[in-house]
Amino acid sequence: MKKLIPVMMACVLVAFAWAALAAAASPEPVYKFDTSVKPAKPYKIAVVLKNFTNPFWLTHQKAADQASKDLGVEITVLAPTKPDNVEEQIRILEDLISKKVDAVVVAPANTQAIAAGVRKLNAAKIPVVYDNTRGSGGDFVAYIGADNILVGAPWPRKWSSAWAAKASSWSWRDSRPADRR
């Protein structure tokens with residue numbers, strides 16, 4: 001278990017780096033990883049996405065496939081047949097328990113509803129990593145994605161100062177409609 005978590009984190013980080021590279025079409029990867037380091041055993045990691053219809057999630061699928069090749073681990077990428085179907089996503093998680101995967105990376109279609117599936121993975125002692133969307137129940141070893149509150153915090157201040165500057169140049173003498181003046 002102690003060796004699995006770093007391998008799983010490396011897989012996810014390589015996957016994100018590869019996805020960022022693919023999305024930006026940049027000639028250089030965002031991060032460089034030593035892919036010559038191989039796991040002690042052939043780990044089975046499942047990546048459960050929201051769907052296979054959104055190009056964003058397709059980059060995660062390609063990245064996971066590349067990470068599997070680069071790191072020498074078995075990564076299976078799954079998603080509901082109907083995009084963003086929470087019930088099917090939970091069934092996928094339950095099925096992964098019977099398949100005895102070593103770890104699961106999941107992008108929950110619904111942060112509240114996925115908690116039941118995550119708790120079942122926890123009970124089976126399967127580590128969970130959240131991909132891009134953090135779930136709201138059960139335990140997880142990592143969340144990899146943006147902190148939306150931190151990212152969004154500066155914008156209201158920027159907008160309000162920009163609007164205040166613009167509004168100070170407006171004429172406010174008589175803002176009643178013309179027919180009421």
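Hydrogens, waters and symmetry mates play no part in the numbers below; they use all other heavy atoms, side chains included.
A pairwise comparison of heavy atoms in D131 and H60 identifies OD2-ND1, 2.9 Å as the closest pair. Taking all atoms of both residues into account, the shortest heavy-atom contact from G72 to P39 is O-CG, 3.9 Å. Pairing each heavy atom of G137 with each of A115, the nearest pair is CA-CB, 3.6 Å.
The backbone N or O of V101 sits nowhere less than 3.5 Å from a side-chain atom of E74 that would complete a donor-acceptor pair.
Under the salt bridge (Lys or Arg N to Asp or Glu O under 4.0 Å) criterion, K99 pairs with D95, sequence neighbours left out. Partners of E88 according to the side-chain hydrogen bond (donor to acceptor under 3.5 Å, both in side chains) rule, which considers only residues two or more places apart in sequence or in another chain, are T81. In terms of the side-chain hydrogen bond (donor to acceptor under 3.5 Å, both in side chains) criterion, residue partners of N51 (sequence neighbours excluded) are, by chain and number, T53, D84. Applying the salt bridge (Lys or Arg N to Asp or Glu O under 4.0 Å) criterion to K41, with sequence neighbours excluded, gives D102. Qualifying side-chain hydrogen bond (donor to acceptor under 3.5 Å, both in side chains) partners for T133, counting only residues two or more places apart in sequence or in other chains: K50.
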Q.
Pair I90, I114 - check side chain to side chain contact (heavy atoms under 4.5 Å, CB included), show working.
A. CA-CA 6 Å; I90 292 170; I114 202 70; 4.1 Å; yes
(Q) Between L71 and Y43, does the side chain to side chain contact (heavy atoms under 4.5 Å, CB included) criterion hold? Intermediate values first, please. (A) CA-CA 10 Å; L71 298 170; Y43 289 111; over 6 Å; no
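Contact annotation: the side chain of F52 approaches that of L58 to within less than 4.5 Å [non-hydrogen atoms, C-beta and beyond]. Looking at heavy atoms from C-beta onward, L49 lies out of side-chain contact with N54 at the 4.5 angstrom threshold. Side chains of V118 and V104 form no contact here, defined as non-hydrogen atoms less than 4.5 Å apart.
Residue pairs satisfying the side-chain hydrogen bond (donor to acceptor under 3.5 Å, both in side chains) criterion with at least one member in residues 134-143, sequence neighbours excluded, are listed as follows: Q112-S136.
Just one of L78, T76, V106, I45 meets the side-chain contact (heavy atoms from CB on, under 4.5 Å) condition when paired with L96; it is L78.
Of the inter-residue distances, the one linking N85 atom CG with Q89 atom CD reads 8.5 Å to the nearest 0.5 angstrom. For the atom pair NZ (K44) and CD1 (I75), the distance works out to 13.5 Å, reported to the nearest 0.5 Å.
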